[in-house]
Amino acid sequence: MDYNFKKIEAKWQEKWKKLSRFKVDFKNVKKKYYCLMMFPYPSGTLHVGHGRNYIIGDALSRYKVKRGFEVFHPMGWDAFGLPAENYAIKHQVHPRTSTLKNIEACKSQFLKWGILYDWEHELFTCEPSYYKWTQWLFLKFYEKSLAYRKHAPVNWCPSCATVLANEQVVNNACERCDTEVQKKELKQWFFKITDYADRLLKDLSLLTHWPERVKSMQENWIGRSEGVNIIFKGADFKGGVECYTTRPDTLYGVTFVALAAEHRLLETFNLSPEVKKFIDEVKGQVVRPEDKFEKKGVFLGKHIINPVNRDKIPLWVTNYAIMEYGTGAVMAVPAHDQRDFEFAQEYKLPIKVVIQNEDKSLREESLKEAFTEVGVQADGGPFNGKKSSEVVSLMRSFLEEKGLGKAQVRYRLRDWLISRQRYWGAPIPIIYCDSCGELPVPEKDLPVILPMDVAFKAEGESPLARETSFVNTKCPQCHKQARRETDTMDTFVDSSWYYLRYLSAHEDKKIFDSERVNQWLPVDQYIGGVEHAILHLLYSRFFTKALYDCGLIHFQEPFQNLFTQGMICKKSPNTGKLEKMSKSKGNVVSPDELIEKYGADTERLYTIFIGPPEKDAEWNDDAVAGCFRFIGRIWDFVLEHKNSYIDVSFKDIKDDVLNPDVKNVLRLTHKVIQDVTNSLEDQFHFNTAVSKIMEYSNEIRGLEYKTQEDCKVLSCALSTLLQLLSPLIPHVTEELWEILGHKKSIFETPWPEYDKEKIQTDTITIPVQVNGKLRVTLEVAASINQEDLKKAALEHPRIQPFIVGKSIKKVIVVPKRLINVVV
RNA sequence: GCCGGGGUGGCGGAACUGGCAGACGCGCAUGACUUAGGAUCAUGUGGGUUAUCCCGUGAAGGUUCAAGUCCUUUCCCCGGCACCA
């Protein structure tokens, strides 16, 4: 075997650069295919786990090229952001320098993997030519009141020295560095994503080709709930309390109201020292414990009136009612809410059953836990006897009619905090003037350039604030001295619209060419990691909807099909556990070493064959060798027969003169085309496509091809084999294609076509079951009629013993499938 | 607790609208070629077994001529949300 992968791969990587078939022609929109990878954060060297994403994308776009699509497969760099800045601080370099260096390293890695991008449309989010338009979008949002500044409690990461968006806080810690976040009251810039909560939720149903997992995560994050705000008047104080509930059917069972410690009403009361002490304690709990904690509260000495039955209800302040949800006041129904139940038991508060179970056995005095299921209304109110689930909406309308409450839809989603007190990001284009106030930077003055020569160490306020030459500017309105906003934007703003910019990456007069964008989007296939399920994917959907509302684009969802590939894991020598590849875990497999030993095609094949691409997979060095062997066998097989190869197609073969074995090869060839095509078309079954090709190659390699006609079949088989493998292992297939005498690149030839008729066989194998158990398989002519088939089965010597002396109840004959004899 | 996904050999995983469970690969075993084998090739490989037999897709029931696949109950694993009222 003289499979010199190094030479072959270098040769073709060079040749492909000149191949126009891999460059997009935007005008050819008839069969367009926009294949988008989540663009990388250039943070250093890539490992084989990263490779999976790009290899899948490359295989897909090469396949689509062969299917005759005009494929747009661009690449760019998510180049602003904290990791680059932190690295720069640590190593005393400018983040731009280190980032550009990393980008070069990534690019050469892509090249070595044989991944083809249309580099003419490359973009860098950290360059003024890009962030000018990020700033322009900010102004657009500002104009539409979608960008605004407010004083609010925000999440502060002390280690990153900046505020974070809600989406970047995981278990009360910074998602990046895992430091516990602090709550701070600060004036910050927000995007009004909550205006889109409803549409972001509803339109998830349009995304039929998104993983359920991702949709469910977004749904949970948006967190819609339908309820009522019910007004309870004070019995012994002025005003009242508004409670939000999703269970108005339990209104008759309210026995107390629980206020959050931060509730405004408390400020209007004359509170005893003990109550004040309690409130301060609860407020002082920096982190409200996530898991079970003891419910506590104090009675305020005040009462309110239940609007439907005039009950006088005590008012409590508790640690389990929270201000951030609903109205910060809970109408507590201990009989039908477990939390209220626990609290009522602790403080000996009354429990009132107003919904009965099926056998009407719920008794207040013997209740062990709250009854939270659907039951029958038993409250003495107007809906008595009705199903409680129906009463929910009946009660809601009833309360609205009487002016006692108001239907409310609430979302968990909060506005997106986009200010960052860090250097390496796009400056927020706002100017503050003492006389004119807050003003947007005029469009003609964009971009607001991020100064390069800055002491960028983060110390709690933006490093830009120390740069007087940046801060000081003229008011665009009155031209007096004014100050610039010094915060930069969250990098997720940059990445929320890059897929639009690819289409006009070098346009400097406008953000993008709307006509072209409308023709080429939505993206036909988006591929990336599931870690972006909420952050990037939700933000991008929001941007698309906002841009739609601005009239800039005609579509409302950016990504038609989403594919989230699984991670590649390996046992860590440090922990002994299976972990995601990372330097700190010591379980990284370097593509360089792998390519050195086996070549890029082997890495590509193994990466695709490792398992279902959407699932996490364990890297196995032995199995890599298996893939290398497979390529070697293909290499030997093609070389062995290259002299018999003739450039023919299926229609040149006279199949009636073939011997059965060779005829079968012809049949299998049609079949493998069908199978592989289906696997690639049908939701990314790349791994089974490889198995099918392996199986096929095992079948055809063992035979002898003697006659002229045999050689034609062999030639078709060889060409099919290479065609089918070409998107997956492009270098070696190109080389073999050339060795067989072809002048054109294999990627300039179309994907093979199969003939369904030719897949049919003359004889078929029919399993024969007795009482559902397989007893024998029968070789019969495909054209056999049901009666003959049945007869053949019943007379078979291996079936006879099972039926002799027994009465045959029924014989099931499924044409071309099986026979089942029931005795 | 709620929402989503998933449990199949020693391992990664196949199995179309219910129709031969375990494709393909790894590993393992035996053999061949070899001075050698951690290279390559061939053969075998779910378990039990003398078997042409029996058992087998997390568990238990059910529907069906037939269930990994459909229905009911249940256990476990992964992801998301969560004292969310």
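Protein chains get the first letters and strands the later ones, always in sequence-line order, with residue 1 at the start of each. Quick caveat: nothing in here was measured; it's all calculated off a predicted structure.
- The partner of B:rC81 is B:rG1, judged by Watson-Crick or G-U wobble contacts that both fall below 3.5 Å.
- In terms of phosphate contacts, A:Arg775 brings a side-chain nitrogen or oxygen within less than 4.0 Å of OP1 or OP2 of B:rC54.
- Contact annotation: A:Arg629 reaches the phosphate of B:rU40 (side-chain N/O to OP1 or OP2, under 4.0 Å).
- Nucleotide B:rG31: paired with B:rC41 (Watson-Crick or G-U wobble, both distances less than 3.5 Å).
- Using a cut-off of 4.0 Å between Lys/Arg side-chain N and Asp/Glu carboxylate O, A:Arg701 and A:Glu699 are scored as not salt-bridged.
- Counting non-hydrogen atoms under 4.0 angstrom, A:Asn698 reaches the backbone sugars and phosphates but no base.
- The heavy-atom pair separating A:Cys627 from A:Tyr606 by the smallest distance is SG-CA, 3.6 Å.
- When the nucleotides B:rC65, B:rG79, B:rG5 are ranked by their closest atom to the side chain of A:Glu212, B:rG5 comes out on top.
- Closest to the side chain of A:Ala623, out of B:rC65, B:rC55, B:rC26, is B:rC26.
- A salt bridge does not link A:Lys295 with A:Asp340: none of the charged nitrogens is closer than 4.0 Å to a carboxylate oxygen.
- Distances shown here put every side-chain N or O of A:Tyr244 at or beyond 4.0 Å from the OP1 or OP2 atom of B:rA85.
- A donor-acceptor pair under 3.5 Å is absent between the side-chain atoms of A:Asp616 and the main chain of A:Gly566, judged by distance alone.
- A salt bridge links A:Asp311 with A:Lys352: the closest approach of a Lys/Arg side-chain nitrogen to an acidic carboxylate oxygen falls below 4.0 angstrom.
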Along nucleotides 7-22 of chain B, 5' to 3', which nucleotides get a B, which get an S, and which get a -, given that the test is a protein heavy-atom distance under 4.0 Å? -----SSS-B--BB--
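- When both pairing distances are held under 3.5 Å, B:rC16 makes no Watson-Crick or G-U pair with any nucleotide shown.
- Residues passing the side-chain hydrogen bond (donor to acceptor under 3.5 Å, both in side chains) test with A:Thr255: none are found, sequence neighbours excluded.
- Residue A:Arg224 places none of its side-chain N or O atoms closer than 4.0 Å to OP1 or OP2 of B:rC84.
- Annotated as syn: B:rG9, whose O4'-C1'-N torsion sits within 90° of 0.
- Every residue two or more places apart in sequence or in another chain that forms a side-chain hydrogen bond (donor to acceptor under 3.5 Å, both in side chains) with A:Tyr696 is listed here: A:Thr669.
- The nucleotide B:rA66 finds no pairing partner, because no Watson-Crick or G-U wobble arrangement with both distances shorter than 3.5 Å includes it.
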